[in-house]
Amino acid sequence: MSSESLHAPRDRLSRETIDAHQAIVSLMEELDAVDWYRQRADDCDDPALKEILLHNMREEVEHAAMLLEWLRRHSPVFDRELRARLFTEGAIVVDEDEAPAPAPAPSRPAAPRGFTIGSMKEAP
Ligand SMILES: [Fe+2]
C-alpha cells in the first residue's frame, strides 16, 4: 500500500480504519488540488489556460465530494454531522447542545453497509 501517513502500526489498525485513512488522505489531496488549481487560475493571464485550470479545479471538487460521500456512508459520525450541518441556512457555528437535530435520511434505498468505521471522536 502506498500511503505512508499512518500514525499507528499498520498491523494494529482495522481494515475499516485503513479504508477511512485512505479516504481522508485522498480527500485532503483533492482539496489541496482545488486550492492549487484556483490559485494557478487566478495567476494565469492566458484565458484558455485559465479556463482549463478552472475546469480542473471543478473536477477536483467533484472528486472531493465523492470521497466525502463515501465517508458519510461508512461513518455514523460523519453521517450525523453532515446531516446536521450541510444544506442548512442557519448559523454554521452553533453550540453543540443547540445544534439542530440531523435531517432525517431521504427516502431512498439505503447505501450498502458492509461495515462502518464507528465513532471517530470517541474511544473504541
Ligand atoms: Fe482528483
Side-chain angles (χ1 to χ4, degrees):
M1 188 168 298
S2 62
S3 181
E4 297 300 327
S5 57
L6 297 173
H7 299 290
R10 170 178 287 279
D11 62 352
R12 294 184 50 85
L13 302 177
S14 69
R15 178 73 248 171
E16 292 79 12
T17 295
I18 292 172
D19 287 346
H21 168 74
Q22 291 176 323
I24 290 168
V25 169
S26 296
L27 177 59
M28 293 164 57
E29 292 167 350
E30 298 296 350
L31 293 174
D32 227 8
V34 170
D35 185 38
W36 288 9
Y37 279 122
R38 184 173 181 154
Q39 290 184 42
R40 289 174 185 158
D42 274 8
D43 190 41
C44 181
D45 294 324
D46 182 285
L49 180 55
K50 181 187 284 275
E51 187 51 39
I52 292 168
L53 295 170
L54 290 171
H55 167 83
N56 291 353
M57 180 198 75
R58 291 188 291 270
E59 293 280 322
E60 303 301 348
V61 171
E62 178 185 11
H63 302 163
M66 289 189 288
L67 287 160
L68 198 54
E69 177 61 6
W70 186 94
L71 285 165
R72 188 196 65 77
R73 291 182 185 188
H74 291 82
S75 164
V77 175
F78 268 100
D79 183 63
R80 183 182 67 234
E81 293 299 328
L82 294 176
R83 285 184 192 282
R85 299 178 189 285
L86 295 184
F87 310 107
T88 59
E89 300 300 325
I92 295 173
V93 178
V94 293
D95 186 352
E96 286 190 19
D97 296 333
E98 299 172 11
S107 58
R108 63 179 182 181
R113 291 188 182 266
F115 58 87
T116 63
I117 60 173
S119 172
M120 297 180 73
K121 288 184 176 176
E122 300 146 4

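Sequential numbering from 1 along the given sequence is applied to the chain's residues.
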- Item | Pair Arg83 + Asp79, salt bridge at N-O below 4.0 Å | yes
Does [X] belong to the same Ile/Leu/Val/Met/Phe/Trp/Tyr cluster as [Y], with side-chain heavy atoms less than 4.5 Å apart forming each link?
X	Y	value
Val61	Phe87	no
Leu86	Ile24	yes
Val34	Leu67	no
Met66	Phe78	no
Met28	Leu82	yes

- All salt bridge (Lys or Arg N to Asp or Glu O under 4.0 Å) counterparts of Arg58, not counting sequence neighbours: Glu51
In Å, rounded to the nearest 0.5 Å, how long is the span from [atom1] of [X] to [atom2] of [Y]?
X	Y	atom1	atom2	answer
Ile52	Lys50	CD1	NZ	12.5 Å
Arg40	Asp35	CZ	CG	10.0 Å
Leu53	Asp43	CG	CG	10.0 Å

Considering all heavy atoms, the nearest [X]-[Y] contact:
X	Y	answer
Leu71	Ala20	CD2-O, 4.3 Å
Thr17	Leu13	CG2-CD2, 4.2 Å
Ala64	Leu27	O-CD1, 3.4 Å
Ile18	Arg10	CD1-NH1, 3.4 Å
Ser5	His21	OG-CE1, 3.0 Å
Ser26	Gln22	OG-O, 2.7 Å

- Message: Between Arg72 and Leu68, is there a side-chain heavy-atom distance shorter than 4.5 Å?
- Response: no
- Message: For the residue pair Glu60 / Asn56, report whether a side-chain donor-acceptor contact shorter than 3.5 Å exists.
- Response: no
- Residue pair Asp19, Arg15: steps toward the salt bridge (charged side-chain N to carboxylate O under 4.0 Å, His left out) verdict: CA-CA 6 Å; Asp19 287 346; Arg15 178 73 248 171; 2.7 Å; yes
